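Since we're looking at a predicted model, the values are computed, not measured.
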Amino acid sequence: MPNKLHIVNGDAFGDKLRVSGIDGDIMVWRESLYEGPIGMQMSDSVLLSIRAAYMNLQHGIPEELFKSITLQQEKAMDRLAEDIDEIVLWFEHDLYDQLMLCYLLSRLFALPNPSLKLSLLSINQFPGVEFFHGLGQLNVDQITQLHDKWLPVNEDQLLLACKVWTAYSASEPILMATLLEEDLSALPFLQKALQANSERYPSSQNGLSANQQLILELIGEEEMPILSLFKRVSQTASHYGLGDLQFWAIVDSIRKCEIPLVRLAGGDKLPVYGEPLPPHFEEWRLQRSDTGKLVHAGEQDHIYLNGMNDWIGGVHLLGKKGLWRRNAATTGFLKM
């Protein structure tokens with residue numbers, strides 16, 4: 001019988017897929033390619049050290065643990081050509097998953113096994129699920145209905161995935177801007193996902209990313225419980241695929257800066273990797289500062305006030321001036 005491997009994002013879904021009686025082994029991909037510095041060779045020792053330091057600072061993930069998991073996965077990918085006949089990729093529609101999908105397809109495309117069969121199941125909805133945000137929310141019976149519904153990956157999809165990863169790894173966003181003008185329909189959810197990636201750049205109007213702007217907008221003039229805010233942002237911006245750790249980091253990017261745009265009541269430290277939610281976390285609330293109100297209205301600029309030090313793919317956004325920004329008037333980028 002042919003050896004089959006299913007690659008999925010998320011342990012919760014991986015566990016349910018096993019229980020569903022799927023034919024083949026299951027590999028859970030745990031590397032968050034949405035965040036931190038990115039390169040063409042993700043196992044490169046220099047890049048890996050920078051990524052590990054980033055993930056430790058951003059989420060409290062121990063550096064050696066991060067390195068170990070990443071290298072283990074990369075080595076497993078290198079060995080796939082040896083004893084696997086078919087690989088099925090299960091990935092969703094959001095930016096988090098689409099970037100992961102493009103990376104894995106580009107890696108699999110380079111494996112020295114021309115007879116390796118690649119298949120893909122990628123969905124953005126499921127019958128009876130009113131707000132579909134991921135495969136992990138499906139029950140075992142629903143997952144069973146997806147067995148054998150995957151389709152063969154074709155050469156156009158593989159070539160497009162390689163182009164996306166090359167553009168995403170670049171040190172400037174020009175290739176990505178050009179790519180967004182091309183036909184991306186070979187991977188049907190990619191266009192919206194890459195548009196969401198562009199919205200992660202600071203705006204030329206006030207220096208906020210789209211999600212930072214959304215947070216300030218949803219808070220409004222009063223206070224808002226942070227858990228309610230997370231739920232609202234997750235629903236409104238579902239095409240990003242934000243997890244809780246990513247959301248806390250976005251909040252801290254406008255909270256723990258030189259001139260804060262929001263204030264947190266109830267505690268002073270948001271959860272990091274491996275930590276449970278603090279006691280009475282449902283009572284913690286966020287409020288816009290006076291500066292936050294001015295930035296939200298476009299009367300002040302977050303980057304000029306606070307600067308930033310973050311990565312979007314291979315692009316390092318560092319400092320207060322001369323950073324790549326999302327052009328509010330076009331779909332392109334400019335430095336300011």
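- Across every non-hydrogen atom of G307 and K320, the tightest pair is CA-CG, 3.5 Å.
- Residues S119 and E86 bring a donor and an acceptor atom of their side chains to less than 3.5 Å of each other.
- Side-chain contact check for S209 and N211: no donor-acceptor pair (N or O, by modelled atom type) lies under 3.5 Å.
- L135 and W29 fall into different hydrophobic clusters, where Ile, Leu, Val, Met, Phe, Trp and Tyr residues are linked whenever their side-chain heavy atoms come under 4.5 Å apart, directly or through other members.
- Using a 3.5 Å distance cut-off with no hydrogens or angles, the side chains of Y273 and N56 do not pair a donor with an acceptor.
- In this structure, a donor-acceptor pair under 3.5 Å is absent between the side chains of D23 and H6.
- Residues Q213 and S203 have side chains that never bring a donor and an acceptor to within less than 3.5 angstrom of each other.
- By the 4.5 Å heavy-atom criterion applied to side chains, V295 and I254 are not counted as neighbours.
- Using a 3.5 Å distance cut-off with no hydrogens or angles, the side chains of H133 and S234 do not pair a donor with an acceptor.
- Taking all atoms of both residues into account, the shortest heavy-atom contact from V129 to Q137 is CG1-NE2, 3.6 Å.
- Nearest heavy-atom pair, L216 versus G292, reported as atom, atom and distance to 0.1 Å: CD1-O, 3.8 Å.
- Here the side chains of Q145 and F126 are in contact, with some heavy-atom distance below 4.5 Å.
- Annotation: ring pair (Phe, Tyr, Trp, His ring centres under 6.0 Å) contacts of F13 (sequence neighbours excluded): W90.
- Figure legend: cation-pi geometry between R200 and Y168 absent, as NZ or CZ is not positioned both under 6.0 Å from the six-membered ring centre and within 45° of its axis.
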